[in-house]
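One structure below.
Protein chains get the first letters and strands the later ones, always in sequence-line order, with residue 1 at the start of each. These figures come from a predicted structure and were not determined experimentally.
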2 protein chains.
Amino acid sequence: MNSVLFAKAIADETRQKIMVLLCCNWLCVTDVVERLGDVRQPTVSHHLSILRDAELVHTRREGKQVFYSLNQQAVATCCGGLLVKFAPDTVAESNVIPLTDIPLN
Amino acid sequence: MNSVLFAKAIADETRQKIMVLLCCNWLCVTDVVERLGDVRQPTVSHHLSILRDAELVHTRREGKQVFYSLNQQAVATCCGGLLVKFAPDTVAESNVIPLTDIPLN
DNA sequence: CGTACATATCGAAGATTGTCTATATGTTAA
DNA sequence: TTAACATATAGACAATCTTCGATATGTACG
């Protein structure tokens, strides 16, 4: 996933609040609307569609409701991409203990 | 640094191109303008000021010129913050080999 | 079927952002 | 001090984004 698209997807306060709500949690749209408290349902649907397009959420329909949860693996992959691109020195191999250097008895 | 501010700061194609140019490199504004090729100097200055406000670049004046370079440590810290906030399961302690488990001979 | 409920889409208003030209500010050297 | 150069700021414009109310679509149940 393109790092500009990822950044744009998470570059909004409301969207990040939604992401926190969906972290380790399956919530339907109405639940998210309730927990945010100050954002209307179409707005939440809109943000969810942006997160869905960026593949940052999992989706599951259950009857009338659609449940969402955060795709932590995707977030981790994107953050890793940012690190490699913009902080290579902090992830250089020399900062890692090679497996071969660990005596396994 | 606030994760929304960080995301906004890097949520632009031109800005990310500038960040790549400044990664491991001190360049003055004119250099950046030249290497981008399709962006005017005031635009570059504008983007640099956004990166500076977000503390994502180091700055050094040398005579008439102002040199910039990417603050990799800040980027790494912000990415770490994103990981903790939005991908906690991928950075859980259980995914790390505790130092005490590594026999040091 | 028709009703009720959940979610998505549409269209518009207002805010924010990216880019430009023009110009101001800062720095060096003649 | 003045000229030349480097960078920053101001103001304008277009594009994009966030939000909303209204409404369409999808689903379950009498």
[X] [atom1] to [N] [atom2]: how many Å, rounded?
X: A:Glu13; N: D:dC17; atom1: CD; atom2: P; answer: 18 Å
X: A:Phe67; N: D:dT27; atom1: CZ; atom2: P; answer: 15 Å
X: A:Lys64; N: D:dT27; atom1: NZ; atom2: P; answer: 12 Å
X: B:Lys8; N: D:dT16; atom1: NZ; atom2: C1'; answer: 12 Å
X: A:Leu5; N: D:dT16; atom1: CG; atom2: C1'; answer: 14 Å
X: A:Gln65; N: C:dC5; atom1: CD; atom2: C1'; answer: 9 Å
X: B:Asp53; N: D:dT9; atom1: CG; atom2: C1'; answer: 13 Å
X: A:Leu51; N: C:dA8; atom1: CG; atom2: P; answer: 12 Å

Of the options [options], whose atoms approach the side-chain atoms of [X] most closely?
X: B:Cys28; options: C:dT19, D:dT7, D:dT18; value: D:dT7
X: A:His46; options: C:dT7, C:dG18, D:dT18; value: D:dT18
X: B:Arg40; options: C:dG26, C:dT21, D:dC17; value: C:dT21
X: A:Val66; options: D:dC5, C:dA8, C:dT19; value: C:dA8
X: A:Pro42; options: C:dT7, D:dA6, D:dG21; value: D:dG21
X: A:Arg61; options: C:dT7, D:dT27, D:dA6; value: D:dT27

Touch class at under 4.0 angstrom, heavy-atom based, for [X] against every strand present:
X: B:Tyr68; value: sugar-phosphate
X: B:His47; value: sugar-phosphate
X: B:Ser49; value: nothing
X: B:Val39; value: sugar-phosphate
X: A:Asp38; value: sugar-phosphate
X: A:Ser45; value: base

Pair B:Thr30-B:Glu34, side-chain donor/acceptor within less than 3.5 Å: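 No pair is found: no donor N or O on one side chain lies under 3.5 Å from an acceptor on the other.
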
[X] side-chain N/O to [N] phosphate OP1/OP2 under 4.0 Å:
X: A:Arg15; N: D:dT18; result: yes
X: B:Thr14; N: C:dT19; result: yes
X: B:Thr43; N: C:dC20; result: yes

Which atom of [X] lies closest to which atom of [Y], heavy atoms considered:
X: A:His47; Y: A:Ile18; result: CB-CD1, 3.7 Å
X: A:Gln16; Y: A:Ile10; result: NE2-O, 2.8 Å
X: B:Gln72; Y: A:Asp89; result: OE1-N, 2.8 Å
X: A:Trp26; Y: A:Thr59; result: CZ3-C, 4.1 Å

CG-SG distance between A:Asn2 and A:Cys78, expressed to the nearest 0.5 angstrom: 9.0 Å

base_contact_polar (D:dA8 base, B:Gln41 side chain, donor-acceptor, <3.5 Å):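 Flag set: donor-acceptor pair detected.
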
